[in-house]
Visitor: 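This is the structure, below, for whatever I ask next.
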There are 2 protein chains.
Amino acid sequence: MKLNTKSRYAVMALADMAVFSNQKAVSLRDISLRQGISLLYLEQIFLKLKKNNIVKSVRGINGGYMLVKIPKELKILDILLALDQKVKTIGCKKDSKKSCNGKSTKCITHNFWDELDIHINSFFESKKLSDLLKNKEVRY
Amino acid sequence: MKLNTKSRYAVMALADMAVFSNQKAVSLRDISLRQGISLLYLEQIFLKLKKNNIVKSVRGINGGYMLVKIPKELKILDILLALDQKVKTIGCKKDSKKSCNGKSTKCITHNFWDELDIHINSFFESKKLSDLLKNKEVRY
DNA sequence: ATATACCCGACTAAAATAGTCAAGTTTTTG
DNA sequence: CAAAAACTTGACTATTTTAGTCGGGTATAT
């Protein structure tokens, strides 16, 4: 039950941007240095964030990325969805051969997993990027 | 963000037992047939459930497994822990080279992941095996 | 006796993960 | 204009994890 590094790095990087951008574009190079994330990997991640309209890019020297929304309005869920990290704790398609068929005693647990997904989803839905920055233990 | 099949099958199998055992041991063969889970895989799963005192075994003909606790008292969390499915959504050890170090802006998000873990954990902690059986849509 | 069912460690194929690499394009600044 | 900074994109790959299987046990009811 792990979140993958792409999602984690995405959230870290966006939090970094929220802290360090002052209405200016933040370069991946800077994020890479501050957060210790491979630049090449960040590029891959930001490609998706851009496609999903989480960030916008500024090309050329002094370019970089900017948040499309203010941190207070950016849901963590939207970040995860941008990286295809659907919160679906089991892959139980109705008509797949490899999984339960929804009938009889098979999938007794079906509704339980749905509840779990809702529980987790609602957490990510309720949390905004700005919520991460309130953290007392963080030093800038 | 997926639960592995071992954990899922464990919960399914135990729910099956709760439904079909009448104070009698339930054989893995029966569970395997009803739930469509490989017998060999079930054996591996039940080995762990037994080691962690979730079930007890009865050997020989007419043998099988029995729940140690009644479904109302068996937490889903205990089942997951038996299969090493710790709810730890990121692997962020303090002194690992591969992860954040807890200092400075690195791991801005640290506390957030902790919160997430707590959120999910408390779900599994609050749910009992008996909660799965109330499901209207299940037909026996 | 013998069939049924638990016991247990080792093994493996396939998929997912966590990146890297190469070869660009765009834009600013000197 | 040239050069450098920084975004763009698809393809590639090593490692790890997952989802099992296999083989050879042991215990016990009938």
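Chain A is the first sequence line, chain B the second, and so forth, proteins listed ahead of strands; every chain is numbered from 1.
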Visitor: Could you state the atom-to-atom distance from NZ of B:Lys2 to P of D:dT18 in whole Å?
Guide: 12 Å
Visitor: Establish whether B:Leu83 and A:Trp113 are linked, either directly or via other cluster members, by ILVMFWY side-chain heavy-atom contacts under 4.5 Å.
Guide: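 Same cluster.
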Visitor: For the side chain of A:Arg59, counting heavy atoms from C-beta on, which of C:dG19, D:dC7, D:dT21 is nearest?
Guide: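 Between C:dG19, D:dC7, D:dT21, the one nearest the side chain of A:Arg59 would be D:dC7.
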Visitor: More 5' along DNA chain C: A:Leu40 or A:Leu3, using each one's nearest nucleotide?
Guide: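 Nearest nucleotide further toward 5': that of A:Leu3.
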Visitor: Please give, in whole Å, the distance from C:dA18 C1' to A:Leu39 CG?
Guide: 15 Å
Visitor: From C-beta outward on A:Lys50, which listed nucleotide comes closest to its side chain: D:dC7, C:dC7, D:dT8?
Guide: D:dT8
Visitor: Under 4.0 Å between a side-chain N or O of B:Asn62 and OP1 or OP2 of D:dT30?
Guide: yes
Visitor: Between the side-chain atoms of B:Gln44 and the base atoms of D:dT21, is any donor-acceptor pair under 3.5 Å?
Guide: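 Side chain to base: pair present.
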Visitor: Between B:Arg29 (CZ) and C:dT4 (P), how many Å, whole number?
Guide: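 After rounding, the gap between these two atoms is 8 Å.
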Visitor: Specify the separation, in whole Å, of atom NZ of A:Lys48 and atom P of D:dG10.
Guide: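 The distance from NZ of A:Lys48 to P of D:dG10 comes to 11 Å, rounded to the nearest Å.
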Visitor: Does a nitrogen or oxygen in the side chain of B:Ser38 sit under 4.0 Å from OP1 or OP2 of D:dA19?
Guide: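 It does not, given that no N or O in the side chain of B:Ser38 lies less than 4.0 Å from OP1 or OP2 of D:dA19.
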Visitor: Whole angstroms only, please: what is the CG-C1' distance between A:Leu83 and C:dA16?
Guide: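 Value for this atom pair: 15 Å.
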Visitor: Just checking B:Phe46: base, sugar-phosphate only, or nothing, at a heavy-atom cut-off of under 4.0 Å?
Guide: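 No contact.
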Visitor: Of all the choices, C:dA5, D:dC7, D:dG20, which nucleotide is nearest to the side chain of B:Ser27 once you look at every atom?
Guide: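 Looking only at heavy atoms from C-beta outward on B:Ser27, the closest nucleotide is C:dA5.
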Visitor: When you check the gap from the basic side-chain N to the acidic O, do A:Asp84 and A:Lys48 get nearer than 4.0 Å?
Guide: yes
Visitor: Tell me yes or no: between the side chains of A:Tyr9 and A:Ser38, is some donor less than 3.5 Å from an acceptor?
Guide: no
Visitor: Check whether any side-chain nitrogen or oxygen of A:Tyr65 sits under 4.0 Å from OP1 or OP2 of D:dT8, and answer yes or no.
Guide: yes
Visitor: With the side chain of B:Asn4 defined as its heavy atoms from C-beta on, choose the nearest nucleotide among C:dC7, C:dG19, D:dA19.
Guide: D:dA19
Visitor: Between B:Lys128 and B:Glu73, does at least one N-O distance fall below 4.0 Å, as a salt bridge requires?
Guide: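 Salt bridge flag = no for B:Glu73 with B:Lys128.
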Visitor: In this structure, how many angstroms lie between the P atom of C:dA18 and the CD atom of A:Glu43, rounded?
Guide: 18 Å
Visitor: Check this one for me: any side-chain N or O of B:Ser57 less than 4.0 Å away from OP1 or OP2 of C:dC7?
Guide: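 It does, given that an N or O in the side chain of B:Ser57 lies less than 4.0 Å from OP1 or OP2 of C:dC7.
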Visitor: Would you mind reading off the distance between A:Leu42 atom CG and C:dG19 atom C1', rounded to a whole angstrom?
Guide: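 From A:Leu42 CG to C:dG19 C1': 12 Å.
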Visitor: What is the distance, rounded to the nearest whole Å, between atom OH of A:Tyr41 and atom P of C:dC21?
Guide: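 Distance, rounded to whole Å: 15 Å.
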Visitor: Specify the residue among A:Thr5 and A:Gly60 whose closest nucleotide of DNA chain C lies further upstream toward the 5′ end.
Guide: A:Thr5
Visitor: Please report whether the ring centroid of A:Phe112 lies less than 6.0 Å from that of B:Phe123.
Guide: yes
Visitor: Among the nucleotides C:dT20, C:dT28, D:dT8, which one has an atom lying closest to any side-chain atom of A:Ile61?
Guide: C:dT28
Visitor: Counting only side-chain heavy atoms from C-beta out, which of D:dG20, C:dC21, D:dT9 sits nearest to B:Tyr9?
Guide: D:dG20
Visitor: Is the side chain of A:Asp117 donor-acceptor paired with the backbone N or O of A:Thr89 at a distance under 3.5 Å, no angle test?
Guide: yes
